[in-house]
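Everything on this sheet refers to the single structure shown next.
Computed over heavy atoms, backbone and side chain alike; hydrogens, waters and symmetry mates excluded. Numbered from 1 within each chain, the chains take letters A, B, ... in sequence-line order.
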Protein chains: 2
Amino acid sequence: MTTTVQDVTDLYPTRDGERTRVIERRDPVVQGTAEQGPMDAETLRGFDTKGYLTVDELITGEELELFRAELKRLSEDPEVKADGRTVVEAKSDEVRSIFDIHRSNEIFSKIANDPRVVDRARQILGSDVYIHQSRINYKPEFVGKDFTWHSDFETWHAEDGMPAPRAVSISISLTDNYSYNGPLMIMPGSHKHYISAQEKTPEDNHKQSLVMQGAGVPDPETLTEFADRFGIDVLEGPAGGAVMFDSNCMHASNGNVTPYPRSNVFIVYNSVENTCGEPYAAPKPRPEHIASTDFTPAGR
Amino acid sequence: MTTTVQDVTDLYPTRDGERTRVIERRDPVVQGTAEQGPMDAETLRGFDTKGYLTVDELITGEELELFRAELKRLSEDPEVKADGRTVVEAKSDEVRSIFDIHRSNEIFSKIANDPRVVDRARQILGSDVYIHQSRINYKPEFVGKDFTWHSDFETWHAEDGMPAPRAVSISISLTDNYSYNGPLMIMPGSHKHYISAQEKTPEDNHKQSLVMQGAGVPDPETLTEFADRFGIDVLEGPAGGAVMFDSNCMHASNGNVTPYPRSNVFIVYNSVENTCGEPYAAPKPRPEHIASTDFTPAGR
């Protein structure tokens with residue numbers, strides 16, 4: 001009998017009780033090529049450097065209207081609100097996020113498997129991709145809450161068992177993004193550096209962390225260093241546009257006291273060569289609607 | 001014996017239990033002239049139209065450093081924190097505002113009476129001016145809280161007995177204002193329209209309203225109409241700059257999750273021909289440190 005010794009070294013340790021520390025990213029950011037299309041070499045280079053790219057007018061006209069109407073319908077549907085995959089804000093009793101919409105909703109399933117989106121994700125990740133997570137996010141007018149700085153990959157690695165940062169998110173705007181209604185903020189270039197968090201993951205952390213970040217949040221000193229070093233890009237742009245960003249981008253958003261709500265469809269594509277296993281730093285994996293174990297390639 | 005019949009009609013009724021309604025402003029915005037200086041006709045016209053103006057580099061170099069050091073010293077002084085004129089945020093136990101600094105602090109008293117500031121206020125209001133209120137505002141990094149939309153004049157009229165919107169505020173930035181660290185937002189042109197609020201003033205409203213706006217806050221429908229009609233200007237700019245804005249501007253600011261705090265010195269000048277009397281819509285006047293009854297002209 002031969003025994004294969006696997007290299008089980010965790011390149012992205014986190015929540016291990018050690019001090020917060022910055023680890024250089026070992027994996028490439030862009031794994032596909034310009035030849036594969038649809039994006040050109042300059043766009044891919046921009047993504048590699050900044051960790052994100054924007055797509056103007058991904059959705060327009062009647063399709064955008066359809067999405068917006070569906071968004072409104074879902075937020076007002078009592079069954080959706082009562083569903084375990086919906087996050088309701090305690091204070092206002094309003095729907096904040098609806099998870100797993102690529103499986104529960106026909107309209108959003110379609111866009112999650114649409115070549116306009118999937119081909120770009122494939123090109124960035126250099127392989128077929130599957131949907132790790134999907135959701136609709138509502139940031140209501142006047143009372144929209146903030147999200148503090150975090151790397152999605154840190155959570156997906158720690159709690160969902162995602163081996164490497166070979167995943168990309170797309171946020172499709174269904175409302176206009178102004179600097180003043182709590183838009184996405186990204187520290188460009190931060191995706192090449194991994195912040196290993198100190199605090200261990202509490203039991204059932206996800207029940208808290210979807211509403212307010214808890215474990216995995218970098219300390220103030222490291223965040224300040226990152227902001228001074230990388231700056232902060234504010235992602236403005238009209239409804240129908242989209243932002244694709246690397247799973248390890250340091251990002252956040254402020255609250256929203258303006259009369260203009262901010263809503264988007266959010267889909268996470270992971271490489272089929274990077275499927276999730278056991279969590280790296282959590283007692284048990286998060287539920288299926290937050291971290292899918294269906295690794296079927298999207299858009300095929 | 002002759003009896004003088006005074007005209008006691010309140011041109012700016014509010015908090016009277018009637019529905020929220022918009023009343024056109026009766027008083028001029030700019031009451032002085034370009035000839036008086038220091039500002040030219042174009043600057044005054046801009047103020048009249050938009051309800052605010054900005055001054056670059058009002059404070060620079062060593063003076064700015066002096067102000068910043070004093071700001072830091074005050075925020076860390078236990079005596080200041082315990083003082084009744086200091087507002088401490090309940091949740092974080094941090095100093096949020098220090099009132100009456102034009103009387104309690106030598107450094108800020110000096111700038112509050114400095115010709116660079118007072119001459120501009122005089123020119124806008126067309127008379128000598130006195131200080132109705134002064135304060136330092138701290139919006140800390142990471143946890144800075146928002147302020148919802150309001151007109152200062154609505155409060156000063158209802159609770160402080162200020163007859164007409166013949167007052168101007170100056171906010172001197174002691175930190176850089178970015179679109180993302182919760183800067184001042186103004187609806188340009190809103191100052192020519194007065195939103196009469198519905199809700200009556202609760203007893204000792206100021207104890208709550210300095211931390212979180214309560215009575216006097218316009219309803220969501222009117223705010224949305226105003227934002228659609230006037231738009232929202234975001235006031236960015238480096239430390240040492242200042243914004244002067246009309247007392248009836250609709251303004252607000254978002255929270256701040258970034259590593260960059262936002263602090264300013266805030267001084268309100270009222271015309272000596274517009275001194276405060278009995279509140280128009282409150283059981284009793286607010287305390288002296290919030291609404292001064294010393295009408296001595298500033299800077300004389």
Is the number of heavy atoms from other residues, nucleotides or ligands within 6.0 Å of CD (B/Glu62) greater than 12?
no

Give a yes or no on whether B/Lys192 atom NZ has more than 12 heavy-atom contacts from other residues, nucleotides or ligands under 6.0 Å away.
yes

Residues of residues 167-184 of chain B near chain A, each having a heavy atom less than 4.5 Å away:
B/Ser179, B/Tyr180

Worked check of side chain to side chain contact (heavy atoms under 4.5 Å, CB included) between B/Val257 and A/Phe147:
CA-CA 8 Å; B/Val257 299; A/Phe147 258 79; over 6 Å; no

Please examine the side chains of A/Pro259 and B/Phe226, heavy atoms only from C-beta on, and report whether any two atoms are closer than 4.5 Å.
no

Where on A/Ala252 is there a heavy atom nearer than 4.5 Å to chain B: the side chain, the backbone, both, or neither?
side chain

Nearest 0.5 Å please: distance from the CZ atom of B/Phe142 over to the CG atom of A/Leu223.
5.0 Å

Any residue meeting side-chain contact (heavy atoms from CB on, under 4.5 Å) with A/Glu221, in chain and number order, not counting sequence neighbours
A/Asp219

Please check if atom CD in B/Glu63 has more than 12 non-hydrogen atoms from other residues, nucleotides or ligands closer than 6.0 Å.
yes

B/Thr258 portion near chain A, given a 4.5 angstrom heavy-atom threshold:
both

